[in-house]
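Here is the structure we will look at.
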Amino acid sequence: MGKKIASIRGMNDILPDETPVWQWLEERARAVLQAYGYREIRLPMVESTELFKRSIGEVTDIVEKEMYTFEDRNGDSLTLRPEGTAGCVRAGEQHNLFYGATPRLWYMGPMFRHERPQAGRYRQFHQMGVEAFGMEGPDIDAEIILMTAALWRALGLEDEVTLELNSLGDAHDRQRHREALVAYLSDHREQLDDDSQRRLERNPLRILDSKDANTQKVLEDAPRLADYLGESARAHFHELRAILDAAGIEYRINSSLVRGLDYYGKTVFEWVTDALGAQGTVCAGGRYDGLASQLGGRDTPAVGFAMGLERLVWLLSRDGGEREPVPDVYIVAPEHRARALTLADELRTGLPGRRILCHCGGGSFKSQMKKADKSGARLALMLGEAELERSEAVVKPMRGGGEQQSVALAELPARLSQWLARQDETR
RNA sequence: GUGGCUGUAGCUCAGUCGGUAGAGCCCUGGAUUGUGGCUCCAGUGGUCGUGGGUUCGAGUCCCAUCAGCCACCCCA
């Protein structure tokens with residue numbers, strides 16, 4: 001026997017015990033997205049490396065050290081997508097989806113980042129993302145946030161998450177603030193922690209959410225982005241808040257909320273939970289008006305967000321809720337395998353939507369009954385020598401009360417359907 | 001990428017001072033020759049993560065490596 005091959009670090013199998021939660025989550029989310037009129041787009045998992053460098057930003061951690069980048073056989077540099085927005089913008093541009101249109105799109109699938117795995121953070125992880133193009137007013141920002149709130153209600157998570165909100169202003173607002181911030185922090189360089197000193201050149205905004213106490217003290221008197229917002233950004237943010245207030249959405253203004261990707265401007269938001277350890281962000285997004293033109297397309301305002309599905313699944317799984325449907329009927333038949341299998345198919349057509357399991361793999365009558373029990377099936381259907389001679393089968397309720405009964409094969413679909421319907425009611 | 005903790009049966013874990021591995025659950029069979037669950041009995045299952053080293057002897061000590069967890073960095 002050869003050496004065992006294991007999955008790649010940080011790239012996990014999602015096992016049959018877990019897939020019901022995933023499916024449940026995906027179904028619920030799809031329904032909400034659909035109700036808001038958003039349409040699905042399916043995008044490649046691999047794009048040209050250049051796309052991510054130009055959109056996410058050359059000096060971000062994602063691009064500098066987290067991308068899965070490789071050369072294909074032509075010598076082109078390709079990258080496994082670390083996020084979905086860049087590819088979505090690229091596709092919209094390539095197929096003229098933005099031309100005179102204001103598409104509302106969503107997508108779902110795996111993303112890849114070479115980070116150290118940790119609770120709620122993996123190298124292959126899944127996001128559901130939403131992007132709305134061509135609308136520059138705060139109403140669409142609000143709609144998107146309202147939609148996320150509806151999503152939490154649909155998932156029963158509304159008490160688990162809270163909304164944080166900020167405005168990053170226009171590009172030139174950020175530029176002026178950034179210069180003032182760097183100037184101020186440079187004067188206090190010695191009082192900053194090591195990480196923050198390093199960030200001073202590379203990504204000064206990040207210093208704002210440093211956890212170092214001294215650094216936070218220095219920051220108290222630092223220039224605030226809010227004071228640098230121009231008239232248009234200020235009005236945009238004001239109106240967004242007015243809509244959210246009118247809709248009864250609660251939020252907290254977090255002035256140190258900065259997104260890690262360079263393309264964001266104006267509105268940024270995060271839904272966070274304290275139930276997830278260090279990875280509290282469950283959904284994050286914002287406005288990125290400059291991205292389309294930055295990628296060589298026409299100017300197209302845009303807002304979007306992405307949710308981390310592993311994190312949501314984790315929240316949903318904590319209660320250990322049963323979402324796996326049990327078999328309705330389990331067919332036990334030590335002999336007459338062909339008859340058992342064809343009967344199973346007859347029942348599947350006769351009882352659409354029901355789960356019919358036919359025992360396979362041999363074993364005594366008794367051991368097959370044990371399997372029926374273990375499967376959690378509601379009814380066992382026993383098909384033996386004596387029954388078949390009379391063209392009958394024995395139906396035995398496995399859970400709850402009730403006596404077993406002999407039923408003519410011809411009447412099985414009707415009788416089983418009645419039986420199951422009655423059980424459905426008393427549940 | 002940095003630091004800390006942890007890897008023993010399918011699962012949860014015990015294993016003392018270094019002396020060639022155990023429990024519970026699960027699984028299989030039987031008690032009950034065609035009837036699940038409860039009970040009792042028996043049985044299967046291990047390269048002790050992997051590779052080196054020290055030792056007469058390593059699950060136990062040392063080194064490396066891989067993986068998992070937690071935190072940092074960063075992020076969904």
Side-chain angles (χ1 to χ4, degrees), chain A residues 1 3-12 15 17 56 59-66 82-85 108-129 148 161 193-196 198-199 202-203 206-207 209-212 257-261 270-273 276-285 304-315 330 332-336 359 361-388 393-400 403-404:
Chain A
M1 235 185 10
K3 214 191 298 177
K4 278 184 192 163
I5 298 173
S7 63
I8 304 303
R9 174 172 216 192
M11 306 207 180
N12 301 125
L15 301 174
D17 278 349
I56 297 168
V59 299
T60 57
D61 273 26
I62 293 183
V63 169
E64 278 190 337
K65 49 188 204 197
E66 294 176 3
E83 56 102 40
T85 302
M108 177 167 62
M111 307 291 165
F112 303 85
R113 291 184 202 169
H114 192 105
E115 299 178 275
R116 189 89 161 242
Q118 190 178 328
R121 179 215 277 174
Y122 309 98
R123 290 185 173 177
Q124 174 175 331
F125 61 103
H126 297 78
Q127 286 187 334
M128 181 174 272
T148 54
V161 292
D193 60 286
D194 291 351
D195 276 333
S196 293
R198 188 170 47 79
R199 282 183 287 211
R202 301 190 47 243
N203 202 345
R206 277 266 146 229
I207 299 177
D209 50 21
S210 166
K211 283 161 185 154
D212 185 77
L257 183 64
V258 250
R259 315 282 23 264
L261 291 64
E270 270 186 21
W271 286 93
V272 299
T273 173
L276 234 49
Q279 265 64 241
T281 303
V282 130
C283 169
F305 67 82
M307 301 183 289
L309 299 187
E310 277 79 0
R311 294 180 184 180
L312 291 174
V313 164
W314 198 88
L315 282 178
Y330 193 103
V332 165
E335 281 107 27
H336 306 289
H359 180 92
S364 66
F365 211 99
K366 181 192 183 74
S367 68
Q368 295 196 12
M369 282 303 288
K370 281 192 178 181
K371 284 275 162 71
D373 182 47
K374 295 264 160 51
S375 77
R378 297 161 68 187
L379 299 174
L381 193 83
M382 291 175 276
L383 206 59
E385 203 69 49
E387 287 78 27
L388 271 179
V394 172
V395 180
K396 175 167 183 166
M398 298 296 279
R399 1 205 73 215
E403 290 295 304
Q404 66 181 43

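Only this structure's heavy atoms are used, side chains among them; waters, hydrogens and symmetry mates stay out. Computed from a predicted model, the values in this text were never measured in an experiment. In the text below, chain A, chain B and the rest are named by the order of the sequence lines, each starting its count at 1.
Residue-level contact check: A/Q404 touches the bases, meaning some heavy atom is under 4.0 Å from a base atom. Counting any heavy atom pair closer than 4.0 Å across all strands shown, A/G129 reaches no nucleic acid atom. Heavy atoms of A/Q368 sit nowhere under 4.0 angstrom from any nucleic acid atom. Counting non-hydrogen atoms under 4.0 angstrom, A/A284 reaches the backbone sugars and phosphates but no base. Using a 4.0 Å heavy-atom distance criterion, A/M307 is classed as making no nucleic acid contact. Contact annotation for A/E387: base contact, defined as any heavy-atom pair under 4.0 Å involving a base atom. A/G280 comes within 4.0 angstrom of nothing in the nucleic acid, heavy atoms only.
Across the protein-nucleic acid pair, A/K65 atom NZ and B/rC74 atom C1' stand 7 Å apart, rounded to whole Å. Distance OH (A/Y330) to P (B/rG37): 14 Å, rounded to an integer number of Å. In this structure, CD of A/Q118 is placed 13 Å from C1' of B/rA76, rounded to the nearest angstrom. Spacing between atom NZ of A/K371 and atom P of B/rU28 amounts to 5 Å, rounded to whole angstrom units. Whole-Å rounding puts the A/K370 NZ to B/rU35 P distance at 12 Å. In this structure, A/K366 places its NZ atom 12 Å from P of B/rU28, rounding to the nearest Å. Rounded to a whole Å, the CD atom of A/E66 is 8 Å from the P atom of B/rC75. Between A/M369 atom CE and B/rG29 atom C1' there is a gap of 18 Å when expressed in whole angstrom units.
Under a cut-off of 6.0 angstrom, the local environment of CG in A/L15 is crowded, with over 12 non-hydrogen atoms contributed by other residues, nucleotides or ligands.
Comparing B/rU50 with B/rC13, their C1' atoms sit 22 Å apart, to the nearest whole Å. B/rA58 and B/rG18: their P atoms are spaced 13 Å apart (whole Å). One P atom belongs to B/rA64, the other to B/rC25, and the distance between them is 41 Å to the nearest Å. Between B/rA42 and B/rU47, the distance separating the two P atoms is 26 Å to the nearest Å. The separation of B/rU55 from B/rG19, taken at their C1' atoms, amounts to 12 Å, rounded to a whole angstrom. When the P atom is used for both B/rU54 and B/rC62, the distance is 15 Å, rounded to whole Å. Comparing B/rG49 with B/rG59, their C1' atoms sit 12 Å apart, to the nearest whole Å. Here the separation of B/rC56 from B/rG51, taken at their C1' atoms, is 23 Å to the nearest Å.
Taking OH from A/Y122 and CD from A/E310, the interatomic distance works out to 7.0 Å, rounded to the nearest 0.5 Å. Put simply, CG on A/L257 and CD on A/E270 are 4.5 Å apart, with the number rounded to the nearest 0.5 Å. For the atom pair CZ (A/R9) and NE2 (A/H114), the distance works out to 8.0 Å, reported to the nearest 0.5 Å.
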(request) List the steps and the verdict of side-chain contact (heavy atoms from CB on, under 4.5 Å) for A/L381 and A/K396. (result) CA-CA 6 Å; A/L381 193 83; A/K396 175 167 183 166; over 6 Å; no

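Using Watson-Crick or G-U wobble geometry with both donor-acceptor distances under 3.5 Å, B/rA58 finds no partner in any strand shown. Base-pair partner of B/rC5: B/rG68 (Watson-Crick or G-U wobble, both distances under 3.5 Å). Look at B/rG45: it lacks any Watson-Crick or wobble partner with both distances under 3.5 angstrom. Under the Watson-Crick or G-U wobble criterion, with both distances below 3.5 Å, B/rA21 has no partner in any strand shown. Under the Watson-Crick or G-U wobble criterion, with both distances below 3.5 Å, B/rU39 is paired with B/rA31.
Taking side-chain N and O atoms only, A/R9 has a distance below 4.0 Å to OP1 or OP2 of B/rG68.
Listed candidates were B/rC69, B/rA76, B/rG34. Nearest to the side chain of A/F125 is B/rA76. Side-chain proximity of A/S367 to B/rG29, B/rC69, B/rU35: nearest is B/rG29. Considering only side-chain atoms of A/R116, the nucleotide from B/rG4, B/rC27, B/rC74 that sits closest is B/rG4.
For the 3.5 Å distance criterion, the side chains of A/W271 and A/T148 qualify, holding a donor opposite an acceptor.
Summarising the geometry of A/E83 relative to A/I56, their closest heavy-atom pair is CG-CD1, 3.8 Å, with the distance given to 0.1 Å. Nearest heavy atoms, A/E387 versus A/M382: CG-O, 4.2 Å.
With hydrogens and angles ignored, a donor-acceptor pair under 3.5 angstrom links the side chain of A/R311 to the base of B/rC75. Judged by distance alone with a 3.5 Å cut-off, a donor-acceptor contact links the side chain of A/K396 to the base of B/rU35.
Of the two residues near RNA chain B, A/V394 and A/S364, the one whose nearest nucleotide lies more 5' is A/S364. If A/A386 and A/W271 are placed on RNA chain B by their nearest nucleotide, the residue sitting closer to the 5' end is A/A386.
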